[in-house]
Enquirer: 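Quick one: the structure is below, and I'll ask about it shortly.
Per chain, numbering begins at 1; letters A, B, ... match sequence-line order.
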Amino acid sequence: MRASHILVPTLRETPADAEITSHIYMLRAGLIRQLAKGLYTWLPLGLAVLRKVENIIREELNNAGAMEVLMPVVQPAELWKESGRWDVMGPEMLRMKDRHDRDYCLSPTHEEVVTDLVRNVVVSYKQLPCNIYQINTKFRDEIRPRFGVMRAREFVMKDGYSFHLEEETFEETYRAMFNAYGSILSRIGLEYRAVEADPGSMGDGESHEFHVLAESGEDALAFSPNSDYAANVESAEAISTIDRPLPTAEIEKISTPGILTIEAVSDFLGIAPSRTVKTLIVEGSKGPVALVVRGDHTLNEAKASRLPLVKSPLTFLKEEALLRDTGVTKGSIGPIQLGIPIFVDHSASNLADFTCGANEAGFHFSNVNWGRDVDLTESVDIRNVQEGDLAADGSGLLEFKRGIEVGHIFKLGTKYSDSMGATIQDRSGKNTPFVMGCYGLGVTRIVAAIVEQHYRDETMHWPIQVAPALVHLVAVNNVKSEQVREAAFSLYSRCLDSGIEIYFDDRDERPGVKFADADLVGLPYRITIGERTLANGVVEFQSAGKEIEFLTADEAIQKLINANEGSS
RNA sequence: CGGGGUAUAGCGCAGUCUGGUAGCGCACCUGCUUUGGGAGCAGGGUGUCGGGAGUUCAAAUCUCUCUACCCCGACCA
């Protein structure tokens with residue numbers, strides 16, 4: 001690549017509308033340009049990175065037994081009506097009509113199309129398992145696109161789907177894909193964690209998210225330093241291993257005028273918030289339901305809304321309804337004689353001699369004990385985990401980090417094969433729905449994640465495998481100096497001949513401008529050619545972050561060849 | 001969808017309150033000089049002041065309206 005021949009519109013100043021590191025960098029270094037909200041053009045340097053990431057994904061998936069296809073992005077509504085998702089999908093799916101007034105959509109995902117393909121094409125169980133993927137553009141009309149290509153509306157995604165006769169072979173493929181994702185992210189040079197995840201609307205089976213660790217990540221992850229255990233904080237299981245101690249004191253009703261919060265109660269009584277419980281009233285399918293968590297814990301709404309009696313999505317009871325239905329007011333609620341179903345979080349249920357509201361304005365009970373003072377109906381997991389909690393696998397105390405979700409793999413079961421009548425004859429000749437898996441990997445988001453993780457000390461440090469090019473050749477005054485020009489072009493073509501990806505700054509620019517751009521782009525190596533060193537028969541050779549070496553052109557090229565080999 | 005903000009040259013911004021015919025830095029174009037860390041001198045404005053409507057002798061500026069973009073939240077995963 002020659003700078004005089006490609007568009008690399010670097011920016012001296014930070015664009016006003018960019019917030020996070022990767023967005024700022026990608027705009028400033030000339031990798032991308034925004035067309036409209038959530039829509040980006042990938043310019044040559046950015047595209048080079050994108051293609052490298054794609055190719056690593058291809059190699060690893062092909063190795064793992066998957067096959068690549070390319071499916072249409074514009075899809076007929078019929079398929080989506082068949083699966084039932086035409087009505088289920090909200091406005092995030094962009095819909096349109098063709099000239100015959102037929103409905104189409106711009107695909108946010110490809111389950112329907114791939115299921116349709118396989119039901120028509122796969123005719124024998126002997127062709128299974130069938131593992132299909134594509135690297136394609138997706139469109140999701142996100143409510144709020146942001147952070148550049150990190151959360152764009154149009155983006156490149158690798159989506160894979162596997163089809164199986166039975167669970168066992170599915171598990172095998174799921175494991176293979178899980179491992180392939182690890183290989184992909186490792187090869188790209190990303191520090192990542194695979195975490196247990198909530199499959200959400202995608203199914204009810206096993207599900208794992210792959211997160212690239214970064215401060216700017218949108219998700220909080222909880223993990224054990226002593227094992228592989230890791231989970232999204234939103235779905236991490238909270239456990240309590242302590243056995244409930246025996247009561248040591250008699251229940252006591254205390255006047256607590258004007259004291260309405262856990263903080264105020266613990267201050268007033270001089271006890272830790274973890275010695276209190278808070279009682280939250282939410283709407284339920286058969287009237288209000290009480291949820292009890294320890295004073296220092298927070299309710300996990302997703303967990304709570306999965307309780308059978310609780311309405312989903314979780315809705316807190318309004319003040320008026322609270323008074324009408326339970327006769328109590330906010331700030332003095334407690335589980336004793338509440339008269340509605342109560343779910344108690346494990347940690348709260350293991351408390352003895354705790355403090356809670358007395359269901360009477362201005363009063364609390366202290367030294368309350370389950371069983372003795374109030375029935376313990378049901379102990380459940382309804383809170384968010386906290387840093388320092390025991391990990392669900394018991395291996396250690398949870399630590400939190402932030403992550404960027406770049407991949408998510410799901411077990412789909414027979415959700416789509418059932419609704420779309422995708423069946424296969426088993427060995428006994430019986431028609432049985434395919435068992436399916438689904439494997440997503442955000443390719444454009446990975447590029448942003450690479451930047452987030454490798455931008456340090458005011459500059460980008462591209463991992464060799466995914467750098468836009470291996471080496472940045474800065475020719476000092478190449479337009480005026482014939483000697484420099486000849487040496488630079490010679491080195492450039494020799495690199496091309498040796499399969500070295502080189503970005504040659506042959507512009508008629510002052511050296512300072514070229515150096516500044518080279519610093520900004522941040523390629524792994526830099527070679528500077530100028531009259532000064534050429535007089536000694538050498539060029540300047542620099543690995544990112546290291547001292548400059550003076551080498552002959554031959555030596556420099558040999559070093560690059562070695563670096564190239566080392567990276568593949 | 002709710003709240004807040006912004007929209008003036010390729011980029012960053014001033015001018016808007018108080019209406020008077022478009023401005024700064026960088027970039028860009030021409031010439032000369034310069035040339036190892038974002039050059040100097042001289043010349044050049046490249047603009048639908050986001051769009052539309054209105055008030056006015058006169059609108060970047062005031063009014064109404066639409067749109068786009070950014071931030072926070074809700075939503076989604």
Enquirer: Across all strands, who's sitting opposite U55(B) as a Watson-Crick or G-U wobble pair, both distances under 3.5 Å?
Expert: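 Across all strands, not a single nucleotide pairs with U55(B).
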
Enquirer: Without decimals, in angstroms, what is the distance between D508(A) CG and G36(B) C1'?
Expert: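 Rounded to whole Å, this separation is 15 Å.
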
Enquirer: Any ion pair linking K138(A) and E154(A) (charged N to carboxylate O, less than 4.0 Å)?
Expert: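 No, E154(A) and K138(A) are not salt-bridged.
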
Enquirer: Please give the nucleotide sitting opposite C49(B) as a Watson-Crick or G-U wobble pair, both distances under 3.5 Å, or none.
Expert: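 The answer is none; no pair meets the criterion.
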
Enquirer: Touch check for R445(A), heavy atoms < 4.0 angstrom, all strands: base, sugar-phosphate only, or nothing?
Expert: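 Here R445(A) touches no strand at all.
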
Enquirer: Select from E142(A) and G530(A) the residue whose nearest nucleotide in RNA chain B is closer to the 5' end of that strand.
Expert: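 Per heavy-atom nearest nucleotide, the more 5' residue is G530(A).
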
Enquirer: E509(A) side chain: which of C11(B), G36(B), C28(B) is closest?
Expert: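 That would be C28(B).
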
Enquirer: Does C76(B) pair with anything, Watson-Crick or G-U wobble, both distances under 3.5 Å, and if so, with which nucleotide?
Expert: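 The base-pairing partner of C76(B), which may sit in any strand shown, does not exist here.
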
Enquirer: Nearest-Å distance, CD (E111(A)) to C1' (A77(B))?
Expert: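 So the two atoms are 13 Å apart, to the nearest Å.
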
Enquirer: Tell me which of R146(A) and L534(A) sits closer to the 5' end of RNA chain B, going by the nucleotide each one is nearest to.
Expert: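 Here L534(A) is the residue nearer the 5' end.
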
Enquirer: Suppose you measure atom P in C17(B) against the same atom in C62(B); what distance do you get, rounded to whole Å?
Expert: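 5 Å, rounded to whole Å.
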
Enquirer: With sugar-phosphate meaning primed atoms plus P, OP1 and OP2, does P15(A) contact a base, only sugar-phosphate, or nothing at under 4.0 Å between heavy atoms?
Expert: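 P15(A): backbone/sugar contact only, no base atoms under 4.0 Å.
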
Enquirer: side-chain contact (heavy atoms from CB on, under 4.5 Å) between V451(A) and M460(A): does it pass, once the steps are laid out?
Expert: CA-CA 7 Å; V451(A) 178; M460(A) 182 59 194; 4.0 Å; yes

Enquirer: Base, sugar-phosphate alone, or nothing: which one does E92(A) contact when heavy atoms must sit under 4.0 Å apart?
Expert: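 Nothing: the residue E92(A), judged by heavy atoms under 4.0 Å, touches no strand.
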
Enquirer: Compare the minimum distances between each of C28(B), G36(B), A27(B) and the side chain of F515(A), then state the nucleotide with the smallest one.
Expert: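 Of all the options, the side chain of F515(A) is nearest to G36(B).
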
Enquirer: When rounded to the nearest Å, what value does the distance between C1' atoms of G12(B) and A27(B) take?
Expert: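 Their C1' atoms lie roughly 11 Å apart.
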
Enquirer: Any side-chain N or O of K37(A) below 4.0 angstrom from OP1/OP2 of C70(B)?
Expert: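 Checking C70(B) against K37(A), a side-chain N or O does come within under 4.0 Å of OP1 or OP2.
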
Enquirer: Do K81(A) and D87(A) sit within salt-bridge range, that is, some charged N less than 4.0 Å from a carboxylate O?
Expert: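 Salt bridge flag = no for D87(A) with K81(A).
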
Enquirer: Among G12(B), G36(B), C69(B), find the nucleotide with the atom closest to the side chain of A36(A).
Expert: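 That would be C69(B).
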
Enquirer: Using atom CZ of R507(A) as one end and atom P of G36(B) as the other, report the distance to the nearest whole Å.
Expert: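 It is 16 Å, rounded to the nearest whole Å.
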
Enquirer: Classify the nucleic acid contact of K514(A) as base, sugar-phosphate or nothing, counting any heavy atom under 4.0 Å across all strands shown.
Expert: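 Result for K514(A) = nothing.
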
Enquirer: How far, in whole Å, is U61(B) from A77(B) if one measures between their P atoms?
Expert: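 The same atom, P, in both gives a distance of 44 Å.
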
Enquirer: Name the pairing partner of A60(B), where a pair is Watson-Crick or G-U wobble with both distances under 3.5 Å, or state none.
Expert: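 Looking at the geometry, A60(B) pairs with no nucleotide.
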
Enquirer: Check every atom of G38(B), G36(B), G12(B) against the side chain of E13(A) and return the nucleotide holding the closest atom.
Expert: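 The answer is G12(B), which lies nearest to the side chain.
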
Enquirer: In whole Å, measure the gap between the P atoms of G15(B) and G20(B) for me.
Expert: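 My reading of the P atoms in G15(B) and G20(B) gives 14 Å.
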
Enquirer: With under 30° as parallel and over 60° as perpendicular, where do the rings of Y525(A) and F541(A) fit, or are they tilted in between?
Expert: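 Y525(A) vs F541(A) ring planes: tilted.
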
Enquirer: Counting heavy atoms from C-beta on, name the nucleotide in G38(B), C70(B), A77(B) closest to the side chain of E19(A).
Expert: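 Nearest to the side chain of E19(A) among the choices is C70(B).
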
Enquirer: Between G23(B) and U16(B), how many Å separate the two P atoms, rounded to a whole number?
Expert: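 Rounded to whole Å, the distance is 15 Å.
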
Enquirer: What interatomic distance, in whole Å, is found between P of G25(B) and the corresponding atom of C72(B)?
Expert: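 Going atom to atom, P in each nucleotide, I get 34 Å.
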
Enquirer: Could you tell me the separation between the CZ atom of R28(A) and the C1' atom of G12(B), rounded to a whole number of Å?
Expert: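 Between C1' of G12(B) and CZ of R28(A): 12 Å.
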
Enquirer: Determine the interplanar angle of the H208(A) and Y174(A) rings, folded into 0 to 90°, and report it as parallel if under 30°, tilted if 30 to 60°, perpendicular if over 60°.
Expert: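 If you compare the ring of H208(A) with that of Y174(A), the planes turn out tilted.
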
Enquirer: Using the C1' atom as the point on both nucleotides, what is the distance between C49(B) and U6(B), in whole Å?
Expert: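 Taking atom C1' in both U6(B) and C49(B), they lie 14 Å apart.
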
Enquirer: Could you tell me if R175(A) sits above the aromatic ring of F178(A), with its cationic atom closer than 6.0 Å to the ring centre and no more than 45 degrees from the axis?
Expert: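 Relative to the ring axis of F178(A), which defines the angle, R175(A) lies inside both limits.
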
Enquirer: In whole angstroms, how far is the C1' atom of A77(B) from the CZ atom of R151(A)?
Expert: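 So the CZ-C1' distance, R151(A) to A77(B), works out to 8 Å.
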
Enquirer: Does A39(B) have OP1 or OP2 under 4.0 Å away from a side-chain N or O of R510(A)?
Expert: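 Looking at the OP1 and OP2 atoms of A39(B), one of them is under 4.0 Å from a side-chain N or O of R510(A).
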
Enquirer: At under 4.0 Å between heavy atoms, what does R144(A) touch on the DNA or RNA strands: base, sugar-phosphate, or nothing?
Expert: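 Base contact.
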
Enquirer: State, yes or no, whether a side-chain contact exists between E301(A) and N384(A) at a heavy-atom distance under 4.5 Å.
Expert: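 A side-chain contact is absent here, since even the closest heavy-atom pair is not under 4.5 Å.
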
Enquirer: Between A39(B), G36(B), G38(B), spot the one nearest the side chain of E540(A), thanks.
Expert: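 Selected nucleotide (nearest to the side chain): G36(B).
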
Enquirer: Ignoring the backbone of A16(A), work out which of G36(B), G38(B), G12(B) is nearest its side chain.
Expert: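 Output: G12(B).
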
Enquirer: Please determine whether a side-chain nitrogen or oxygen atom of Q34(A) lies at a distance below 4.0 Å from atom OP1 or OP2 of A68(B).
Expert: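 Indeed not, no polar side-chain atom of Q34(A) lies that close.
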
Enquirer: Report the distance from atom CD1 of I20(A) to atom C1' of C71(B), rounded to the nearest whole Å.
Expert: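 It is 14 Å, rounded to the nearest whole Å.
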
Enquirer: Paired with A22(B): which nucleotide, if any, by Watson-Crick or G-U wobble criteria at under 3.5 Å for both distances?
Expert: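 In the structure as shown, A22(B) has no Watson-Crick or wobble partner.
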
Enquirer: Can you tell me which nucleotide in C70(B), G38(B), G36(B) comes closest to the side chain of T533(A)?
Expert: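 In terms of side-chain proximity for T533(A), the closest of C70(B), G38(B), G36(B) is G36(B).
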
Enquirer: Is there side-chain contact between R153(A) and F139(A), with heavy atoms separated by less than 4.5 Å?
Expert: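 In short, these two side chains touch, coming nearer than 4.5 Å.
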
Enquirer: Can you tell me how far C1' in C41(B) sits from the matching atom in A53(B), rounded to whole Å?
Expert: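 The same atom, C1', in both gives a distance of 49 Å.
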
Enquirer: Would you say that P9(A) contacts R33(A) through its side chain, given a criterion of any heavy-atom pair below 4.5 Å between the two side chains?
Expert: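 In short, these two side chains touch, coming nearer than 4.5 Å.
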
Enquirer: With a 3.5 angstrom cut-off on both distances, give the Watson-Crick or G-U wobble partner of U6(B), or none if there isn't one.
Expert: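 Its partner is A68(B).
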
Enquirer: Check the distance between C11(B)'s C1' and L27(A)'s CG and give it to me in whole angstrom.
Expert: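 That distance rounds to 11 Å.
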
Enquirer: Who does A42(B) pair with, Watson-Crick or G-U, both distances under 3.5 Å?
Expert: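 The answer is U30(B), by the H-bond criterion.
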
Enquirer: Please report, rounded to the nearest Å, how far the P atom of C1(B) is from the CG atom of D141(A).
Expert: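 To the nearest whole Å, that distance equals 11 Å.
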
